[in-house]
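Here the structure comes first, spelled out in structure tokens, and everything after it is commentary.
Not measured: the values here are computed from a predicted model. Chain letters run A, B, ... following the sequence lines, proteins first, then strands; residues in each count from 1.
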Protein chains: 2
Amino acid sequence: MELNEAKNKYIQTWGSLATSWGINKTMAQVHALLLVSTKPLSAEDIMETLQISRGNVNMNVRALIDWGIVQKEFVVGERKEFFVADKDIWELFKQITKERKKREIEPVLRVLEDLQQVDDTTEEGKQFKKVLSDLSSVTTKVNGILERAIKADEHWLLSNFTKMIKK
Amino acid sequence: MELNEAKNKYIQTWGSLATSWGINKTMAQVHALLLVSTKPLSAEDIMETLQISRGNVNMNVRALIDWGIVQKEFVVGERKEFFVADKDIWELFKQITKERKKREIEPVLRVLEDLQQVDDTTEEGKQFKKVLSDLSSVTTKVNGILERAIKADEHWLLSNFTKMIKK
DNA sequence: CTAAACTTTCAATAATTATTGAAAAATAAA
DNA sequence: TTTATTTTTCAATAATTATTGAAAGTTTAG
């Protein structure tokens with residue numbers, strides 16, 4: 001398989017996975033592109049490769065920076081900004097998980113907690129509280145799983161590759 | 001807080017969480033409604049409570065059944081179908097995780113594997129393969145985390161509540 | 001069988017979300 | 001300064017996704 005064909009396929013695959021996880025397609029594609037690029041890319045490079053508008057590039061690159069998985073980089077002799085993606089993909093996974101946990105799971109936990117205030121003098125009220133408490137348990141548990149994933153073996157990838165190389 | 005108000009708030013919260021995870025809002029709301037209902041609901045009950053059309057109810061209930069988290073139930077003396085949601089929420093989480101793993105993560109792993117066939121005689125090709133192999137490692141690892149979550153303590157919730165009740 | 005009760009389908013339409021592109025704002029060079 | 005270059009914003013528009021509702025299809029009762 002030719003390299004560019006492979007890169008393309010990868011960018012597309014990643015983009016389509018992203019859409020089913022509530023991340024927009026372009027954002028995922030921009031990230032994928034930066035990830036497989038051997039050098040920093042400018043907004044124009046991205047526009048050209050992915051055939052998207054300047055505004056779109058700007059918005060999505062900014063979002064990626066916001067998520068902490070892409071950084072600006074300055075190239076000597078160039079005025080415009082260039083971008084690179086963090087190449088440690090475990091780090092990437094952790095960042096994304098951390099962000100989503102904060103933005104989505106934690107607010108739900110807060111609502112569930114708040115709802116515990118419901119009147120439970122009736123039988124139905126009691127049952128509802130039971131469902132809520134089940135939900136809280138599971139959400140908390142999921143939160144915990146993610147928490148552990150985030151904190152887990154800081155250098156898992158590194159040690160993994162050291163192993164691979166040594167072999 | 002009044003019971004119906006609380007139930008409503010919960011249905012809305014769950015619905016909005018769902019949209020950011022690529023599950024459609026109505027599907028999540030229907031599920032939430034069934035979850036907090038003390039008795040099986042008919043298509044009409046759902047239509048009325050959520051103010052949505054018959055077709056919409058049908059499609060989403062069917063999808064929920066497809067995911068294995070809602071079941072049909074027959075009510076004596078009634079001709080139409082009624083629906084109930086599985087009340088074991090850990091089971092629900094496991095089902096959803098299992099489905100998504102199968103539908104989304106596994107196909108990506110297959111594509112990544114396929115892309116390993118890329119020509120790697122050039123330096124750039126080698127670097128790309130490195131990125132691919134990183135991605136595979138992480139995706140496999142995530143797959144593993146989910147796998148373990150699915151298989152984990154079949155009766156975690158149950159034992160948890162037994163503990164709570166005993167206390 | 002036929003009629004009534006109920007479920008499913010799907011083209012039309014609405015609602016939501018993403019993208020463009022040009023104008024405004026910001027930044028750096030001359 | 002002023003001018004050129006680059007980035008950001010955002011209203012308009014396009015693309016995607018969800019929803020409706022009525023017609024067609026099924027099932028059950030009589």
Side-chain angles (χ1 to χ4, degrees), chain A residues 11-34 40-67 70-84 100 103-104, chain B residues 11-34 40-67 70-84 100 103-104:
Chain A
I11 291 169
Q12 298 312 318
T13 305
W14 214 241
S16 79
L17 174 72
T19 51
S20 51
W21 283 86
I23 295 162
N24 94 8
K25 198 182 71 183
T26 307
M27 186 166 154
Q29 289 186 342
V30 170
H31 181 258
L33 174 61
L34 290 173
L41 300 180
S42 69
E44 249 144 48
D45 296 334
I46 299 171
M47 284 169 66
E48 221 168 283
T49 314
L50 300 180
Q51 291 291 313
I52 59 178
S53 75
R54 183 174 297 282
N56 202 4
V57 168
N58 188 273
M59 302 258 266
N60 284 294
V61 164
R62 219 127 302 279
L64 287 167
I65 292 175
D66 221 54
W67 281 56
V70 159
Q71 287 85 42
K72 280 190 196 177
E73 196 163 294
F74 296 96
V75 170
V76 285
E78 288 274 15
R79 191 162 149 189
K80 56 185 161 207
E81 296 177 325
F82 287 77
F83 306 98
V84 290
R100 301 203 73 155
R103 294 183 196 193
E104 293 154 14
Chain B
I11 290 169
Q12 299 310 318
T13 305
W14 214 241
S16 80
L17 175 71
T19 52
S20 52
W21 285 85
I23 295 162
N24 94 6
K25 197 182 73 185
T26 308
M27 186 167 155
Q29 289 186 342
V30 171
H31 180 258
L33 174 61
L34 290 173
L41 301 181
S42 69
E44 250 144 48
D45 296 333
I46 300 171
M47 284 169 66
E48 221 168 283
T49 315
L50 301 180
Q51 291 291 314
I52 58 178
S53 74
R54 183 174 295 284
N56 202 4
V57 168
N58 188 273
M59 301 259 266
N60 284 294
V61 165
R62 221 126 300 280
L64 287 167
I65 292 176
D66 220 54
W67 281 56
V70 160
Q71 287 85 40
K72 280 190 197 176
E73 196 161 293
F74 296 97
V75 170
V76 286
E78 287 275 15
R79 193 160 149 191
K80 54 186 161 205
E81 298 176 323
F82 287 77
F83 307 98
V84 289
R100 299 202 73 154
R103 293 183 196 192
E104 293 154 12

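- Closest non-hydrogen pair, B:Phe83 versus B:Ala43, comes out as CE1-N, 4.1 Å.
- Shown are A:Met47, A:Arg62, A:Glu44; of these, the side chain to side chain contact (heavy atoms under 4.5 Å, CB included) with A:Val57 is made only by A:Met47.
- Rounded to an integer number of Å, the gap from CG of A:Asn60 to P of D:dT7 is 16 Å.
- Atom CD of B:Glu48 is surrounded by 12 or fewer heavy atoms from other residues, nucleotides or ligands within 6.0 Å.
- One can place CD1 of A:Ile65 at 11 Å from P of D:dT7, the figure rounded to the nearest angstrom.
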Protein-nucleic acid N or O pairs under 3.5 Å, nucleotides 23-25 of chain C:
none

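- Of the two residues contacting DNA chain D, namely B:Val57 and A:Lys72, the nearest-nucleotide position lying further toward the 5' end is that of A:Lys72.
- Across all non-hydrogen atoms, the minimal contact from A:Met27 to A:Ala63 is SD-CB, 3.9 Å.
- Looking only at side-chain heavy atoms (C-beta outward), B:Glu73 and B:Glu81 stay at 4.5 Å or farther from each other.
- Closest contact between the side chain of B:Lys80 and the listed nucleotides C:dT8, C:dC6, C:dT19 involves C:dC6.
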All N/O pairs under 3.5 Å across the protein-nucleotides 27-30 of chain C interface:
unit_1: C:dT27; atom_1: O2; unit_2: A:Arg79; atom_2: NH2; d: 2.9
unit_1: C:dA28; atom_1: O4'; unit_2: A:Arg79; atom_2: NH2; d: 3.4

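- Comparing D:dT20, C:dT19, D:dT19 by their closest approach to the side chain of B:Ile52 singles out D:dT20.
- Residue A:Asn56 is in base contact, counting any heavy-atom pair closer than 4.0 Å across all strands shown.
- If you take CE of B:Met47 and P of D:dA22, they are 11 Å apart, rounded to a whole angstrom.
- Each of A:Thr19 and A:Arg62 lies near DNA chain D, and the nucleotide nearest A:Arg62 is the one positioned closer to the 5' end.
- In the set C:dT7, C:dA18, D:dT19, the nucleotide with an atom closest to the side chain of B:Ala43 is C:dT7.
- When rounded to the nearest whole Å, the span between CE of B:Met59 and C1' of D:dA18 equals 8 Å.
- For the pair B:Asn60 (side chain) and B:Asn56 (backbone), a donor-acceptor distance under 3.5 Å is present.
- As rounded to whole Å, 15 Å separates atom C1' of C:dT8 from atom CG of B:Asp66.
- At whole-Å resolution of the value, CG in A:Asn24 and P in D:dA15 are 16 Å apart.
- If you take CG of B:Leu50 and P of D:dT19, they are 11 Å apart, rounded to a whole angstrom.
- Here the closest non-hydrogen pair linking A:Val70 and A:His31 is CG2-CD2, 4.0 Å.
- When the side-chain nitrogen and oxygen atoms of B:Asn58 are compared with OP1 and OP2 of D:dT19, none of them lie within a distance under 4.0 Å.
- Here D:dT6 presents its P atom at 12 Å from CG of A:Asp45, a figure rounded to the nearest Å.
- Atom OG1 of A:Thr26 sits about 12.0 Å away from atom CG of A:Leu33, to the nearest 0.5 Å.
- Between the side chains of A:Asp45 and A:Ser42, at least one donor N or O sits under 3.5 Å from an acceptor N or O.
- Rounding to the nearest 0.5 Å gives a distance of 10.0 Å between CG of A:Leu34 and CD of A:Gln71.
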